[in-house]
Amino acid sequence: MTATRPRVLDLFSCAGGAAMGYHLAGFAVDGCDIADRPRYPFPCHQGDALEYLAHLITTGDIERYTLVHASPPCQAGCALTVGTNQSQGWGGTHTDLVAPTRELLDATGLPYVMEQPNGRAEIRKDLSLCGEMFGLGVLRHRNFELGRWATAQPAHPKHRGYVRGHRHGVHRDGPYVAAYGNGGGKATVPEMQQAMGITWTAVREELTEAIPPAFTTWIGTAFLTARQEVFA
């Protein structure tokens, strides 16, 4: 008899970088995103992620999940907003859904993972992952708050050099590509795909928002290992 895969709910799922990592770690994955994501590689509900999560809690359907992953928007706390944009007086009102997302994640009673980029987003940095940990062609530092479970922080190896491209009027070469924005030596779509291990979408906007699947393959494996240890 084939064992049933544990199921993860992937909220604010975008194109499925996190989802693919959980799949590779051994999970069945269901996504939810407010935008139509035809390239998302797993079943996906289109709608407001927090409304959908509240619905699952109210109906009890949340009980079919073992883990919830959420990557809520927090433009107010991202490094670009609090750095370059703020110094130049750019930008305006920004969305911050971290606190309401956490409130609903707590209400599920389930273990969860909440992901944010480097910046001032108000999450616990229980894990910080970097592409260099997995030999990737991007750095893509990301922080993760873990709810109702824990795992050790892996070692952060020294970076091998610079991110290729222009920054503050200086051009540098290096082993990593800049998988965000346009111009200034930013990566092409094929370069981003190769650097992050994402092959199922060629949409630049989706690639620039994605996290490499290697991150959540590691997290998903760590979660399943911790779960086995608890029930051993």
Side-chain angles (χ1 to χ4, degrees), residues 8-19 21-22 27 29-35 37 40 44-58 62 65-87 90-131 138-151 153 156 179-181 205-213 215-216 218-220 222-223:
V8 61
L9 176 62
D10 176 28
L11 298 171
F12 310 97
S13 53
C14 193
Y22 285 116
F27 286 84
V29 184
D30 294 327
C32 178
D33 198 273
I34 199 165
R37 300 292 184 183
Y40 189 81
C44 189
H45 171 83
Q46 183 180 357
D48 181 279
L50 297 188
E51 291 180 2
Y52 184 58
L53 181 56
H55 168 76
L56 292 174
I57 294 169
T58 299
I62 193 65
Y65 295 100
T66 303
L67 179 69
V68 182
H69 175 102
S71 298
C74 184
Q75 290 95 339
C78 78
L80 180 62
T81 301
V82 302
T84 303
N85 286 2
Q86 188 176 70
S87 69
W90 300 338
T93 302
H94 300 281
T95 302
D96 183 355
L97 296 182
V98 169
T101 298
R102 180 187 293 109
E103 183 177 355
L104 282 175
L105 290 173
D106 284 336
T108 68
L110 294 174
Y112 69 80
V113 177
M114 183 159 53
E115 175 262 331
Q116 288 288 288
N118 268 349
R120 296 179 188 169
E122 304 252 341
I123 68 164
R124 294 191 316 272
K125 297 178 182 179
D126 298 319
L127 279 178
S128 294
L129 299 182
C130 164
V138 290
L139 292 178
R140 209 63 154 186
H141 294 96
R142 289 295 184 270
N143 301 310
F144 301 86
E145 176 176 315
L146 309 181
R148 296 188 181 83
W149 72 286
T151 191
Q153 166 68 42
H156 189 162
Y180 55 89
E205 290 75 15
E206 292 183 341
L207 288 166
T208 59
E209 293 181 11
I211 66 171
F215 288 17
T216 44
W218 190 93
I219 291 172
F223 172 79

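Atom set for the values below is all heavy atoms of this structure, side chains included, hydrogens, waters and symmetry mates excluded.
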Please report the interatomic distance [atom1]([X]) to [atom2]([Y]), rounded to the nearest 0.5 Å.
| X | Y | atom1 | atom2 | answer |
| --- | --- | --- | --- | --- |
| Thr58 | Leu56 | OG1 | CG | 9.0 Å |
| Leu207 | Cys14 | CG | SG | 8.5 Å |
| Leu53 | Thr101 | CG | OG1 | 8.0 Å |
| His55 | Ile62 | NE2 | CD1 | 10.5 Å |
| Arg37 | Cys32 | CZ | SG | 11.0 Å |
| Arg142 | Asn118 | CZ | CG | 8.0 Å |

- Task: Please list, chain by chain and in numerical order, all residues satisfying ring pair (Phe, Tyr, Trp, His ring centres under 6.0 Å) with Phe215, sequence neighbours excluded.
- Result: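 Scan of Phe215 (ring pair (Phe, Tyr, Trp, His ring centres under 6.0 Å), adjacent residues dropped) gives Phe134.
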- For His45, which residues count as a ring pair (Phe, Tyr, Trp, His ring centres under 6.0 Å) partner, sequence neighbours excluded?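 Expected list: Tyr52.
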- Item | side-chain contact (heavy atoms from CB on, under 4.5 Å), paired with Leu127, selected from Val113, Ile219, Asn143 |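 When side-chain contact (heavy atoms from CB on, under 4.5 Å) is applied between Leu127 and each of Val113, Ile219, Asn143, only Ile219 qualifies.
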- Query: Between Thr151 and Trp218, does a side chain to side chain contact (heavy atoms under 4.5 Å, CB included) hold up when you go through it step by step?
  - Reply: CA-CA 11 Å; Thr151 191; Trp218 190 93; 4.0 Å; yes
- Message: Between Arg140 (side chain only) and Ile211 (backbone N and O only), is there a donor and an acceptor less than 3.5 Å apart?
- Response: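 No, the answer is negative, given that no donor and acceptor are paired below the 3.5 Å cut-off.
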- Query: Just by distance, do the side chain of Gln116 and the backbone of Arg124 share a donor-acceptor pair under 3.5 Å?
  - Reply: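 No; judged by distance alone, with no hydrogens or angles, the pair does not exist.
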- Message: Looking at Arg102 and Glu122, is any side-chain nitrogen of the basic one under 4.0 Å from a carboxylate oxygen of the acidic one?
- Response: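 Salt bridge: no.
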- Query: Taking it one step at a time, do Gln153 and Ser128 satisfy side chain to side chain contact (heavy atoms under 4.5 Å, CB included)?
  - Reply: CA-CA 7 Å; Gln153 166 68 42; Ser128 294; 4.1 Å; yes
Testing the basics here: between [X] and [Y], what is the closest heavy-atom pair and its distance to 0.1 Å?
| X | Y | answer |
| --- | --- | --- |
| Thr216 | Gly17 | OG1-O, 3.9 Å |
| Ser71 | His69 | OG-NE2, 3.0 Å |
| Leu11 | Ala49 | CD2-O, 4.1 Å |
| Ser13 | Asp33 | N-OD2, 3.2 Å |
| Leu110 | Arg148 | O-NH1, 3.0 Å |
| Pro111 | Trp149 | CB-CD1, 3.8 Å |

- Task: Count the heavy atoms belonging to other residues, nucleotides or ligands that lie under 6.0 Å from CD of Glu103, then report whether that count exceeds 12.
- Result: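 No, CD of Glu103 has 12 or fewer neighbouring heavy atoms, counting only those of other groups under 6.0 Å.
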- Item | Tyr40 and Val29, any side-chain heavy atoms less than 4.5 Å apart |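 The answer is yes, as the side chains (C-beta and beyond) meet within the 4.5 Å cut-off.
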- Residue pair Phe223 / Leu146, side-chain heavy-atom distance below 4.5 Å: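 No, too far: nothing below the 4.5 Å cut-off.
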- Can you check side chain to side chain contact (heavy atoms under 4.5 Å, CB included) on Leu50 and Phe12, steps first, answer last? CA-CA 9 Å; Leu50 297 188; Phe12 310 97; 3.9 Å; yes
- Message: Run the side chain to side chain contact (heavy atoms under 4.5 Å, CB included) test on Asp10 and Tyr22 for me, step by step, so that the C-alpha distance in whole Å, both residues' side-chain angles and the decisive distance to 0.1 Å come before the verdict.
- Response: CA-CA 9 Å; Asp10 176 28; Tyr22 285 116; 5.7 Å; no
